Amino acid sequence: MVTITLPDNSTRSFDSPPTVRDIAASIGAGLAKAAIAGKIDGKLVDLSHPVDHDARVEIVTEKSPEALDIIRHSTAHLLAQAVQRLYPGTQVTIGPVIENGFYYDFARPEPFKPEDLPAIEAEMKKIAAEALPVSRSVKSRDEATKFFRDMGEEYKAQIIESIPANEELSLYTQGEFTDLCRGPHVPDTGKLKSFKLMKVAGAYWRGNSDNEMLSRIYGTAWLNDKDLKAYLTQLEEAEKRDHRKIGKQLDLFHQQEEAPGMVFWHPNGWIIWQQVEQYMRRVYRESGYQEVRCPSILDVSLWKKSGHWDNYKDNMFFTESEKRTYAVKPMNCPGHVQIYNDGLHSYRDLPIRYGEFGSCTRNEPSGALHGIMRVRAFTQDDGHIFCTEEQIESEVTAFHEQALNVYRHFGFSDVAIKLALRPEPRLGSDEVWDKAEAALRDALRACGAEWEELPGEGAFYGPKIEYHLKDAIGRTWQLGTMQVDFMMPERLGAEYVDEQSQKRHPVMLHRAIVGSMERFIGILIEHHAGNFPAWLAPVQAVVMNITDAQADYADEVAKALNERGFRARADLRNEKIGYKIREHTLHKVPWLLVVGDREKALGTVSVRALSGEDMGNMPLPEFVERLSSAGVSR
RNA sequence: GCUCACGUAGCUCAGUCGGUAGAGCACUUCCUUGGUAAGGAAGAGGUCACAGGUUCGAUUCCUGUCGUGAGCACCA
């Protein structure tokens with residue numbers, strides 16, 4: 001006798017152990033049909049799983065939060081089966097669920113091509129239509145290894161060898177295809193309806209670049225066609241926001257072959273940069289930083305002392321002169337330590353905070369470059385705080401507040417915090433790392449923040465807090481960082497004199513809010529889809545005359561606006577007003593001012609917002625007042 | 001760096017099964033002076049990424065280099 005408790009706390013008894021499917025059927029035929037999997041005491045299982053003891057059981061249907069992952073995982077198997085039907089001899093490896101879909105890595109001499117995808121997808125649809133039942137079986141380690149070796153599936157055999165001995169090995173079979181898998185899976189392939197293969201790519205076996213490259217196929221899968229379509233639409237939306245495209249449309253910057261991973265900022269783009277920089281400069285000032293500036297190249301000996309040479313020499317640029325080797329600086333911290341070291345410091349001076357818009361150059365691998373988001377020459381809003389251990393907490397909490405304010409100011413309100421812990425390899429003893437990690441945890445706790453911990457993700461000299469922001473279409477970007485560093489001051493000989501006249505090493509905090517200016521502007525472009533808030537817009541207003549008769553007045557209006565600190569231009573071209581409006585709308589100018597005979601006679605402007613909204617006719621001073629009160633000139 | 005794809009006018013793209021290229025927009029000139037998302041006409045503009053090879057002939061085919069894109073790996 002087995003007693004089952006359902007989520008509504010009702011119970012059902014069975015004479016012999018029922019399967020999850022039996023339980024669903026006993027509740028209703030409709031539920032049995034909709035069932036995808038089950039949960040026994042919170043653990044996900046297949047529908048065919050027997051329940052041999054009293055337990056709480058839940059039927060997983062499309063409405064359950066777990067359903068999507070199961071469907072995606074099963075769709076990955078569907079892909080593998082289709083591939084093996086069409087390309088016999090292809091070895092299967094792994095096929096996990098990822099955000100929005102799944103992938104499967106295959107081993108074969110010829111990698112898959114984009115042209116192969118339609119045929120594979122068609123075969124998947126065919127297998128889904130066959131509605132093959134999916135069955136689970138358990139094999140011993142030796143049996144399973146032999147099973148896959150006999151089929152020529154060397155990678156699967158290797159995976160089995162890496163699974164801990166105490167774990168059960170389960171196999172899932174659908175038709176002629178069997179895969180090693182933890183499960184659970186849908187009961188039959190007919191449950192898989194809304195999927196699409198997206199792209200092919202190379203990927204290393206076990207994620208290690210020393211291993212052979214496999215051929216990966218990415219796919220997306222959803223509960224229904226409507227969700228699938230919505231996802232594809234969202235991808236199109238992301239494509240429209242691409243900063244490389246908008247950067248070209250709005251004439252913000254360009255990149256060219258002779259300077260891979262570097263940016264040529266055009267006048268429009270540089271205005272945005274300056275707005276961001278001036279704003280961040282104010283943040284430095286208001287939070288007690290002194291702005292400094294360091295040389296771009298420094299003798300390589302300094303980078304050997306700091307540890308950067310050991311860890312990053314392959315990613316640094318070097319230059320030589322008169323038998324000395326210099327490194328183009330990849331970071332600003334050693335420079336800031338030199339400024340700190342030039343003079344004697346008392347404990348009374350601490351904390352000392354230096355800020356710099358520091359230009360860094362790193363020889364990033366060519367494959368890592370991406371528009372202005374990942375470049376070789378970039379500028380950080382980089383700051384370093386020299387303080388005592390006791391001051392860490394208050395410095396970190398103050399920074400935290402400041403960072404959140406900045407993000408809000410730029411229109412980001414959804415911020416997640418992560419704490420990256422000690423990596424391999426690293427500098428320093430475990431005791432020092434314990435201390436550094438504890439200091440950051442304490443500070444976060446003091447801020448009342450919630451955070452996620454990322455083991456192994458810290459910098460080689462210290463752990464770091466990371467700020468991850470969500471943009472307008474739900475993508476996340478890591479921006480700010482706060483890192484505690486007990487190593488660098490000692491390595492580079494930074495000291496202060498304490499109350500007992502003893503020399504001691506200060507703690508160094510590395511911090512950035514927007515991180516790379518290039519990347520941040522790229523993110524701003526995509527977040528706003530090019531429709532910048534007026535304070536960032538390269539051109540805030542364009543004054544357009546209707547006919548030549550108002551050219552002088554339009555010019556006057558533009559001049560008056562410029563004199564009041566706004567970025568305004570007059571468009572006096574001999575074009576129809578509709579043409580000018582279209583053009584400046586496409587260039588995303590926040591305000592379009594139309595002046596004809598009426599406006600000229602009355603000294604007014606006719607205002608049109610970027611959205612197309614007609615804001616009516618108003619005297620120029622009133623328009624200026626509106627801009628000022630909207631905080632546009634900051 | 002690795003795998004695959006791509007590189008044609010300022011931009012977006014077509015095209016050439018090997019006979020040195022075309023559209024729209026932008027640009028220049030002229031006509032038009034028009035009230036809220038494209039008025040008309042004419043003109044100019046390209047060593048088809050670069051370097052080799054095959055060929056009577058290469059933008060087209062082959063090889064290499066550089067760059068770009070999508071992933072992987074990397075991201076102090």
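Order of the sequence lines fixes the chain letters, A, B, ..., with proteins taken first and strands second; residue numbering starts at 1 for each chain. Side chains are part of it too, since the values below use all heavy atoms of this structure and drop only hydrogens, waters and symmetry mates. A quick note: this is a predicted structure, and the numbers were derived from the prediction, not measured.
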N/O donor-acceptor pair, side chain [X] with base [N], under 3.5 angstrom:
{"X": "A:E599", "N": "B:G35", "answer": "yes"}
{"X": "A:Y204", "N": "B:G71", "answer": "no"}
{"X": "A:S606", "N": "B:U36", "answer": "yes"}
{"X": "A:R374", "N": "B:C74", "answer": "yes"}
{"X": "A:D614", "N": "B:U36", "answer": "no"}

At under 4.0 Å between heavy atoms, what does [X] touch on the DNA or RNA strands: base, sugar-phosphate, or nothing?
{"X": "A:P330", "value": "base"}
{"X": "A:G515", "value": "nothing"}
{"X": "A:G207", "value": "sugar-phosphate"}
{"X": "A:R216", "value": "sugar-phosphate"}

Whether [X] contacts [N] is assessed here as follows: a side-chain N or O lying under 4.0 Å from the phosphate OP1 or OP2. Is that the case?
{"X": "A:K199", "N": "B:G71", "answer": "yes"}
{"X": "A:K580", "N": "B:G34", "answer": "no"}
{"X": "A:K464", "N": "B:A76", "answer": "yes"}
{"X": "A:H370", "N": "B:A70", "answer": "yes"}
{"X": "A:Y218", "N": "B:C72", "answer": "yes"}
{"X": "A:R519", "N": "B:C75", "answer": "no"}
{"X": "A:R244", "N": "B:A70", "answer": "yes"}

A:K588 to A:F532 six-membered ring, cation-pi geometry met (6.0 Å, 45°)
no
Could you state the atom-to-atom distance from [atom1] of [X] to [atom2] of [N] in whole Å?
{"X": "A:L586", "N": "B:U36", "atom1": "CG", "atom2": "P", "result": "17 Å"}
{"X": "A:R376", "N": "B:G67", "atom1": "CZ", "atom2": "C1'", "result": "11 Å"}
{"X": "A:F112", "N": "B:A5", "atom1": "CZ", "atom2": "C1'", "result": "16 Å"}
{"X": "A:Q550", "N": "B:U33", "atom1": "CD", "atom2": "P", "result": "14 Å"}
{"X": "A:R573", "N": "B:A38", "atom1": "CZ", "atom2": "P", "result": "14 Å"}
{"X": "A:E364", "N": "B:C2", "atom1": "CD", "atom2": "P", "result": "16 Å"}
{"X": "A:N315", "N": "B:A73", "atom1": "CG", "atom2": "P", "result": "16 Å"}
{"X": "A:R491", "N": "B:A76", "atom1": "CZ", "atom2": "C1'", "result": "13 Å"}

Between [options], which nucleotide has the shortest distance from any of its atoms to the side chain of [X]?
{"X": "A:S209", "options": "B:U3, B:A73, B:G39", "value": "B:A73"}
{"X": "A:A203", "options": "B:C4, B:C72, B:A76", "value": "B:C72"}
{"X": "A:I577", "options": "B:U3, B:U36, B:C11", "value": "B:U36"}
{"X": "A:S366", "options": "B:G35, B:A76, B:G1", "value": "B:G1"}

Closer to the 5' end of RNA chain B via nearest nucleotide, is it A:V595 or A:M213?
A:M213
By nearest nucleotide on RNA chain B, pick out whichever of A:T547 and A:G367 is the more 5' one.
A:G367
Do A:V337 and A:M508 make a side-chain contact, defined as non-hydrogen atoms from C-beta onward lying under 4.5 Å apart?
yes
State, without any angle test, whether A:E212 and A:Y155 hold a side-chain donor-acceptor pair at a distance under 3.5 Å.
yes
For [N], give the paired nucleotide (Watson-Crick: N1-N3 plus N6-O4 or O6-N4; G-U: N1-O2 and O6-N3; both under 3.5 Å), or none.
{"N": "B:A41", "value": "B:U29"}
{"N": "B:G71", "value": "B:C2"}
{"N": "B:U59", "value": "none"}

Using only atom types and a distance under 3.5 Å, with no angle test, would you say the side chain of A:D485 pairs donor to acceptor with the backbone of A:L509?
no
Is the centre of the [X] ring less than 6.0 Å from the centre of the [Y] ring?
{"X": "A:H254", "Y": "A:F264", "answer": "yes"}
{"X": "A:W222", "Y": "A:Y231", "answer": "yes"}
{"X": "A:H400", "Y": "A:Y467", "answer": "yes"}

Could you measure between the two C1' atoms, the one in B:A41 and the one in B:A49, and give it in whole Å?
36 Å
Applying side chain to side chain donor-acceptor pair (under 3.5 Å) to A:E490 and A:H505, what does each step give before you reach the verdict?
CA-CA 6 Å; A:E490 191 179 330; A:H505 296 298; 5.0 Å; no
Does A:Y579 lie flat on the base of B:A37, that is, centres under 5.5 Å apart and planes under 30° off?
no
